[in-house]
Structure formats: C-alpha cells, structure tokens
There are 2 protein chains.
Amino acid sequence: MKIRTAADLGAFIKERRVKLGMDQSDLAEKAGTSRKWIVEVEQGKPRAEIGLVLRTLKTLGVSLDIAIDRTQKASAASESGNVDINNILNALKKRP
Amino acid sequence: MKIRTAADLGAFIKERRVKLGMDQSDLAEKAGTSRKWIVEVEQGKPRAEIGLVLRTLKTLGVSLDIAIDRTQKASAASESGNVDINNILNALKKRP
DNA sequence: TACTAGAGTAACCGAATGGTGACATTTGGT
DNA sequence: ACCAAATGTCACCATTCGGTTACTCTAGTA
C-alpha cells in the first residue's frame, strides 16, 4: 500500500492493529509510547515524529519500503538509481 | 530499500537529492521547509515530523510503500491481510 | 591567492510535541 | 438496563520542534 499522507498512515496502523487483535493500550505499550499518541496518529496527525512511527510499524510487523516513483515523470537515470547527469547540468545552467 | 530507522531515511534522502543534482536549499524550497530541517533529517533526526518527510519524499519523486514484513514470524492470516482470529483469541485469554 | 558555493553549526523564539491522569462517550456482552 | 472495555477528548507541563539569521569550514575555480 502506498503511503502519501499522514492520514493514509493512520488508517493503515489502525487497520493493522485491529487485525492483530490489539487495543490501543497494547500497541502503545509495545511500541514504547502513549495511548494518546496512538490515538492521534491513527487519526492522521501530520506532525507525529518518524522515530515513533517507525517503532510502531515495527511492532506491527510491518516494513516500510522506499522506491523511485514510476508514476512520476522521471529521467532514465533517475529510475535506474544512477546519477542523473541531465539534472545536474540543468542545475548548473542556473549559474550567473 | 527498506527503511528501519531515521538514519536510513536520512541517508536515502541525501543520496536521492544528490542524484537529482539538487543542493539542500533547492530541496528545502521545493518541499516547503527550511534548509536547517533538511540538514537535520539527512543526519537522521528521529523526531522530524512525518508530514514534512512525506512532502520531501514526494518532491524527490519517491514513493513510500508499506507491507506486511515477511521476515517477521507472522500468522497466516497476518500475511493474507485478513483478521487474525488466533491473535484475537489469544488476546481474549487475558480476560480475568 | 582570492572568491564562491555548498554544507554544517549555533542562538533565539514562538508554537507544538508527547506523556500523564482524568473524564466522557461508545460499544458489546450479560 | 447495567456493566466493563475500548476509544476519544481534555488540561497541564516540561521538552523540543522548525524557521530565521548569521557564522564557520571545506572544496573547487578563476
């Protein structure tokens, strides 16, 4: 599932928690945070800190993967993961 | 690439930014944040807020995917994405 | 050598965080 | 209807955030 917003994240966490038969207190304790924080994150709080988010996801047995977005208009090098010489040259053009 | 810690995230962001030929100021401006914040995140700040992180990743043309972790010892239902009846029953046992 | 771009660091500050503990509401079972 | 568990909300508070501005240091260029 693609995560684009904090709301996406919150929905996923809640769904996953319920599937595992945990309540908010269980998850909070296992993830080393507070129930209040779980509530807020499940509601899509955009300013929650990533450290706690990562710990929470780990607790839920979930992995976060990052990848070059194919739906984005990107250069060939961009997708390959190599340095994009065109982008760099373009940036250089901005010099006075 | 799997993201397990804030340091992972920071390393990825920096690598990606450089590949695209951007400097910290460029990225900060395009992502709607400050250069200071970019510096901190690239250094692995664990308390950066997810909202900004998501915006930054979007700016970098990157997508975040979430998935049930196969390396984790998980029940069959857990992997399938269905409700895990065993976990729920286990939780019920805790009732006094 | 002198200059510049880029990266890292520091101080300042208003604003928001996350934890605690309590209370209110909703839900499900007896 | 009653009760208990789970969820949602609130006030309080020490801590930290993120933005701004300015300074340093390094590497590469003229």
Side-chain angles (χ1 to χ4, degrees), chain A residues 5-60 83-96, chain B residues 5-60 83-96:
Chain A
T5 68
D8 291 347
L9 217 219
F12 180 91
I13 288 179
K14 180 166 191 172
E15 186 187 324
R16 178 75 179 152
R17 171 177 64 77
V18 171
K19 277 180 185 162
L20 294 181
M22 295 178 173
D23 62 25
Q24 295 173 338
S25 296
D26 292 337
L27 179 54
E29 192 179 8
K30 290 184 180 175
T33 179
S34 67
R35 191 173 70 85
K36 177 201 175 198
W37 187 85
I38 299 288
V39 171
E40 290 172 336
V41 165
E42 287 189 352
Q43 288 173 345
K45 184 179 201 179
R47 306 197 51 172
E49 51 185 67
I50 23 167
L52 287 181
V53 170
L54 291 173
R55 265 158 55 195
T56 303
L57 291 178
K58 186 173 184 179
T59 300
L60 291 171
V83 176
D84 186 337
I85 199 62
N86 287 322
N87 274 322
I88 295 181
L89 290 179
N90 250 322
L92 288 176
K93 287 186 183 172
K94 287 185 297 189
R95 288 202 184 181
Chain B
T5 67
D8 292 346
L9 216 218
F12 181 91
I13 288 179
K14 180 166 191 171
E15 187 186 322
R16 177 75 178 153
R17 170 178 65 76
V18 172
K19 277 180 186 163
L20 293 181
M22 294 176 162
D23 61 24
Q24 296 173 338
S25 297
D26 292 338
L27 179 53
E29 192 180 8
K30 289 184 182 175
T33 179
S34 67
R35 190 173 72 87
K36 177 200 175 198
W37 187 85
I38 299 289
V39 171
E40 290 172 337
V41 166
E42 286 188 353
Q43 288 175 345
K45 183 179 201 176
R47 306 195 50 171
E49 50 184 66
I50 21 168
L52 287 181
V53 170
L54 291 174
R55 264 160 53 195
T56 302
L57 291 179
K58 186 173 184 177
T59 299
L60 291 172
V83 175
D84 186 337
I85 202 59
N86 287 322
N87 273 323
I88 295 181
L89 290 179
N90 250 323
L92 287 175
K93 285 185 183 172
K94 289 185 297 191
R95 289 202 183 183

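Reminder, nothing fancy here: chain letters follow the sequence lines and each chain counts from 1.
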Hey, could you give me the CG/OG1 distance between Leu9(B) and Thr5(B), rounded to the nearest 0.5 Å?
8.0 Å
Kindly compute the distance separating OG (Ser34(A)) from CD (Glu29(A)), expressed to the nearest 0.5 Å.
12.0 Å
Could you tell me the separation between the CD atom of Glu40(B) and the C1' atom of dG19(D), rounded to a whole number of Å?
10 Å
Evaluate side-chain contact (heavy atoms from CB on, under 4.5 Å) for Val39(A) paired with Lys36(A), printing each intermediate quantity in order.
CA-CA 5 Å; Val39(A) 171; Lys36(A) 177 201 175 198; 5.7 Å; no
Distance col, row Leu57(A):CG vs Ile50(A):CD1, nearest 0.5 angstrom, shows 11.5 Å
Check the phosphate of dA7(C) against Arg17(B), side-chain N and O only, distance under 4.0 Å to OP1 or OP2. Yes or no?
yes
First locate atom CD of Glu15(B), then atom CZ of Phe12(B), and finally report the distance between them rounded to the nearest 0.5 Å.
7.0 Å
Quick note, Trp37(B) side chain, CB onward, closest among dG19(D), dG18(C), dT7(D) is dG19(D)
Check this for me: does any side-chain nitrogen of one of Arg17(A) and Glu42(A) sit under 4.0 Å from a carboxylate oxygen of the other?
yes
Enumerate all atom pairs, one protein N or O and one N or O from nucleotides 23-27 of chain C, separated by less than 3.5 Å.
none

Side-chain N or O of Thr33(B) closer than 4.0 Å to phosphate OP1/OP2 of dG19(D)
yes
Between P on dT20(C) and CD on Gln24(A), what's the gap in Å once rounded to a whole number?
15 Å
Closest heavy-atom pair and its distance - Arg16(B), Leu60(B)
NE-O, 2.8 Å
Axis bend over the full length of the helix from dT1(C)-dA30(D) to dT30(C)-dA1(D), computed from five pairs that close each end, to 10 degrees:
40°
Residues in contact with DNA chain C, drawn from residues 42-52 of chain A - heavy-atom cutoff 4.0 Å
Lys45(A), Arg47(A), Ala48(A), Glu49(A)
Heavy-atom pair with the smallest gap, counting every atom of Ala6(A) and Leu54(B)
N-CD1, 3.6 Å
Just verifying a value: how many Å separate Met22(A) CE and Lys14(A) NZ, rounded to the nearest 0.5 Å?
15.5 Å
Does a side-chain N or O from Lys14(A) land closer than 4.0 Å to OP1 or OP2 of dG8(D), or not?
yes
What nucleotide, of dG6(C), dG19(C), dT20(D), holds the atom closest to the side chain of Lys36(B)?
dT20(D)
Lys45(B) bridged to Glu49(A) by N-O distance under 4.0 Å:
no
Rounded distance (nearest 0.5 Å) linking atom OG1 of Thr33(A) with atom CG of Leu27(A):
8.5 Å
Rounded to whole angstrom units, what separation is found between the CD1 atom of Ile38(B) and the P atom of dC17(D)?
16 Å
